[in-house]
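These notes concern the structure reproduced below.
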Amino acid sequence: MSRIAVIDFETTGISPGMGDRATEVAIVLTERGRVVDRFQSLMNAGVRIPPFITQLTGITNAMVASAPPAERVMAEAARFVGEVPMVAHNASFDRRYWVAELARAGLPACQPFACTVLLSRRLYPEAPSHKLGTLVDHFQLPRTGQAHRALADAEMAHELLGRIQHDLRARHGVAEPDHAFLMALQACTRAALPKFFRARAVATT
DNA sequence: TGCCAGGCCCTCTTTAGGGCCTT
């Protein structure tokens, strides 16, 4: 069963190690490229949201004040994901918050993360940039909801992942670009990509 | 109010520096 969970966090800043906390999490659960379930929740971590972040995301202190505690939301998110491998746009960022917030809830984080930034850098060096919104516009992918809200960004990352998997099949003859393949691809240097595809691709003609 | 990190990647590199990407 080829399941992938696409995750996005909204947070109070860029560094959980410096005290920043998550304010919202969204997860789009996919199976063979199709959305089969969604999880989304604001969370109250008991910290103030800087005005810049409210301006960026639209998430206010009042909104998180009435949200469930972060530990409860993360426990629900962990149950929702289970052992399904994950994908995020700039996964090193979301993975740090996934690990940090689960640790605060006393829960392990064992899921592997693939990254659509790394993958798009490998596959689309001609793209004007590798920001999520820019890639969505570049490929004319659908937008749903407000950018910089967790569910809308997770949906966009899912659409980008679908485009990546489509191109791997159509352009590179990869029969099944599953999560394990994505992890191998993102670990490959650009210079080694031709050899990588020759070794792994399955002819589709 | 403004600032912070970390990993990746490129090059005018490798005994380094700076840009990208996330909030």
Side-chain angles (χ1 to χ4, degrees), chain A residues 5-28 40-65 67 70 73-74 77 86-104 109 111-139 141 143 145-161 163-164 182-196:
Chain A
V6 184
I7 188 168
D8 186 78
F9 278 104
E10 302 305 321
T11 72
T12 62
I14 53 176
S15 177
M18 298 288 288
D20 291 326
R21 297 294 304 275
T23 57
E24 187 179 43
V25 61
I27 302 158
V28 175
Q40 181 271 329
S41 182
L42 290 164
M43 65 178 85
N44 185 356
V47 296
R48 299 287 298 177
I49 301 173
F52 164 72
I53 296 294
T54 294
Q55 192 171 16
L56 178 70
T57 65
I59 298 173
T60 65
N61 285 299
M63 290 164 68
V64 297
V73 172
M74 292 306 299
M86 306 184 84
V87 165
H89 196 69
N90 199 18
S92 66
F93 176 87
D94 292 284
R95 184 178 180 280
R96 281 200 299 275
Y97 278 95
W98 179 249
V99 170
E101 294 292 350
L102 283 178
R104 287 177 176 273
Q111 299 82 357
F113 273 68
C115 176
T116 48
V117 172
L118 297 181
L119 293 167
S120 67
R121 282 176 178 165
R122 302 286 184 281
L123 297 175
Y124 313 121
E126 77 288 356
S129 91
H130 298 280
K131 293 178 182 177
L132 180 58
T134 302
L135 289 166
V136 165
D137 291 340
H138 182 66
F139 293 117
L141 301 173
R143 286 175 177 264
Q146 175 190 349
H148 295 298
R149 287 298 299 268
L151 185 56
D153 283 4
E155 297 269 12
M156 285 196 290
H158 155 67
E159 294 289 346
L160 176 59
L161 175 63
R163 170 71 190 221
I164 288 169
L182 299 176
M183 294 293 286
L185 174 58
Q186 74 180 28
C188 181
T189 64
R190 275 253 292 280
L193 278 182
K195 185 177 179 182
F196 175 87

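Hydrogens, waters and symmetry mates play no part in the numbers below; they use all other heavy atoms, side chains included. A note on names: the letters A, B, ... follow the listed sequences, proteins ahead of strands, and every chain is numbered from 1.
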* Asked: A:Leu185 has an atom CG; how far is it from atom C1' of B:dC8, in whole Å?
  -> 14 Å
* Atom CG of A:Leu160 and atom NE2 of A:His130: how far apart are they, to the nearest 0.5 Å? -> 10.5 Å
* Separation of A:Trp98 atom CH2 from B:dG7 atom P, in whole Å? -> 20 Å
* Minimum heavy-atom separation for A:Asp153 to A:His148, with atom names? -> OD1-N, 3.0 Å
* Identify the heavy atoms of A:Met74 and A:Leu102 that sit nearest to each other, and give their distance. => O-CD2, 3.6 Å
* **Check: A:Thr23 side chain, A:Glu10 main-chain N or O, donor-acceptor pair, under 3.5 Å** => yes
* Asked: For A:Arg163, does the CZ atom sit with more than 12 other heavy atoms under 6.0 Å from it, leaving out its own atoms?
  -> yes
* Could you give the distance separating B:dG2 and B:dC21 at their P atoms, to the nearest angstrom? => 24 Å
* Over how many whole Å does the gap from A:Arg95 atom CZ to B:dC8 atom P extend? -> 11 Å
* To do: Measure from the side chain of A:Asp20, starting at C-beta and using heavy atoms only, and say which of B:dC10, B:dC4, B:dC9 lies closest.
  => B:dC4
* To do: List the protein contact pattern of nucleotides 16-23 of chain B with one symbol per nucleotide (5' to 3'): B for base contact, S for sugar-phosphate-only contact, - for none; contact means a heavy-atom distance under 4.0 Å.
  => ----BBBB
* Expressed as a whole number of Å, how far does the P atom of B:dC12 sit from that of B:dC8? -> 23 Å
* Euclidean distance for C1', B:dT13 against B:dG19 (whole angstrom) -> 15 Å
* Can you tell me, in whole Å, how much space there is between the P of B:dT1 and that of B:dT14? => 42 Å
* Structure fact -> ring pair (Phe, Tyr, Trp, His ring centres under 6.0 Å) filter on A:Tyr97, not counting sequence neighbours, yields A:Phe93
